[in-house]
Amino acid sequence: MLEVGRVCVKTAGREAGEYCVVVDVLDQNFVLVVGPKVRRRRCNIAHLEPTDKKLDIPKGADDATVKQAMESAGLH
(Lines give C-alpha, C1' and ligand atoms only; values in the text may rest on other atoms or scores of the structure.)
Protein backbone atom coordinates (compact mmCIF):
# COMPACT_ATOMS: atom_id res chain seq x y z
CA MET A 1 0.00 0.00 0.00
CA LEU A 2 1.30 3.42 -0.91
CA GLU A 3 1.33 6.23 1.64
CA VAL A 4 1.13 10.02 1.39
CA GLY A 5 4.48 11.50 0.39
CA ARG A 6 5.82 8.43 -1.44
CA VAL A 7 7.69 9.35 -4.61
CA CYS A 8 6.76 7.11 -7.56
CA VAL A 9 7.43 6.75 -11.27
CA LYS A 10 4.43 6.43 -13.57
CA THR A 11 4.63 3.29 -15.71
CA ALA A 12 1.61 3.76 -17.96
CA GLY A 13 -0.09 6.49 -19.94
CA ARG A 14 1.21 9.62 -21.60
CA GLU A 15 3.12 10.60 -18.45
CA ALA A 16 4.99 7.25 -18.24
CA GLY A 17 8.52 7.63 -16.91
CA GLU A 18 7.78 10.84 -14.98
CA TYR A 19 8.18 11.28 -11.23
CA CYS A 20 5.12 11.99 -9.10
CA VAL A 21 4.19 12.10 -5.42
CA VAL A 22 1.21 10.49 -3.71
CA VAL A 23 -0.83 13.27 -2.04
CA ASP A 24 -3.88 11.22 -0.99
CA VAL A 25 -4.94 7.56 -0.79
CA LEU A 26 -8.45 7.23 -2.24
CA ASP A 27 -9.04 3.49 -1.76
CA GLN A 28 -7.19 0.18 -2.08
CA ASN A 29 -6.69 0.62 -5.87
CA PHE A 30 -6.38 4.37 -6.46
CA VAL A 31 -4.27 7.27 -5.19
CA LEU A 32 -4.12 10.98 -6.01
CA VAL A 33 -0.76 11.98 -7.52
CA VAL A 34 0.93 15.17 -8.69
CA GLY A 35 4.39 15.98 -10.01
CA PRO A 36 6.43 18.49 -12.00
CA LYS A 37 5.29 16.99 -15.33
CA VAL A 38 2.26 15.09 -13.97
CA ARG A 39 -1.15 16.71 -13.61
CA ARG A 40 -2.99 16.21 -10.32
CA ARG A 41 -5.12 13.15 -11.01
CA ARG A 42 -6.40 9.86 -9.72
CA CYS A 43 -4.06 7.02 -10.63
CA ASN A 44 -4.30 3.26 -10.36
CA ILE A 45 -1.56 1.94 -8.07
CA ALA A 46 -0.83 -0.77 -10.67
CA HIS A 47 0.45 2.05 -12.92
CA LEU A 48 2.97 3.33 -10.35
CA GLU A 49 6.43 2.10 -9.42
CA PRO A 50 7.24 3.29 -5.88
CA THR A 51 10.77 4.48 -5.13
CA ASP A 52 12.58 4.38 -1.80
CA LYS A 53 12.13 8.16 -1.36
CA LYS A 54 9.40 9.71 0.77
CA LEU A 55 8.65 13.43 1.14
CA ASP A 56 7.31 14.99 4.32
CA ILE A 57 4.08 16.56 2.99
CA PRO A 58 0.60 16.75 4.50
CA LYS A 59 -2.33 14.76 3.10
CA GLY A 60 -3.96 16.68 0.23
CA ALA A 61 -0.99 19.06 -0.20
CA ASP A 62 -1.35 21.61 -2.98
CA ASP A 63 0.82 21.60 -6.12
CA ALA A 64 3.14 24.39 -4.90
CA THR A 65 3.92 22.55 -1.65
CA VAL A 66 4.71 19.33 -3.52
CA LYS A 67 6.88 21.17 -6.06
CA GLN A 68 8.84 22.89 -3.28
CA ALA A 69 9.34 19.59 -1.40
CA MET A 70 10.55 17.84 -4.57
CA GLU A 71 13.03 20.62 -5.35
CA SER A 72 14.43 20.62 -1.81
CA ALA A 73 14.86 16.82 -2.05
CA GLY A 74 16.71 17.17 -5.37
CA LEU A 75 13.96 15.61 -7.51
CA HIS A 76 12.81 17.42 -10.65
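- L48 is listed as a side-chain neighbour of L2, based on a closest heavy-atom distance under 4.5 Å.
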Show, in sequence, the C-alpha distance, side-chain angles and deciding distance for V66 and V23, and conclude whether the side chain to side chain contact (heavy atoms under 4.5 Å, CB included) test is met. CA-CA 8 Å; V66 173; V23 293; 3.7 Å; yes

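- A 6.0 Å sphere centred on CZ of R42 holds no more than 12 heavy atoms belonging to other residues, nucleotides or ligands.
- Scanning all heavy atoms of the two residues, the minimum distance from A69 to I57 falls at CB-CG2, 3.9 Å.
- No side-chain heavy atom of R39 sits less than 4.5 Å from a side-chain heavy atom of V34.
- Within 6.0 Å of the NZ atom in K67, the count of heavy atoms belonging to other residues, nucleotides or ligands does not exceed 12.
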Applying side chain to side chain contact (heavy atoms under 4.5 Å, CB included) to V33 and V38, what does each step give before you reach the verdict? CA-CA 8 Å; V33 297; V38 177; 4.3 Å; yes

Show me the donor-acceptor pairs, under 3.5 Å and distance only, between side chains in residues 5-14 and residues at least two apart or in other chains.
residue, atom, partner, partner atom, Å
R6, NE, E3, OE2, 3.0
R6, NH1, T51, O, 3.3
R6, NH1, D52, O, 3.4
R6, NH1, K53, O, 3.2
R6, NH2, E3, OE2, 2.4
K10, NZ, E15, OE1, 3.3
T11, OG1, H47, O, 3.0

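- From R41, atom CZ reaches atom CG of L32 across 10.5 Å, with rounding to the nearest 0.5 Å.
- Of the possible donor and acceptor atoms, none in the side chain of D24 sits under 3.5 Å from a partner among the backbone N and O of L26.
- Atom CG of D56 has 12 or fewer heavy atoms from other residues, nucleotides or ligands within 6.0 Å.
- Atoms CE and SG, from M70 and C20 in turn, are 7.5 Å apart once rounded to the nearest 0.5 Å.
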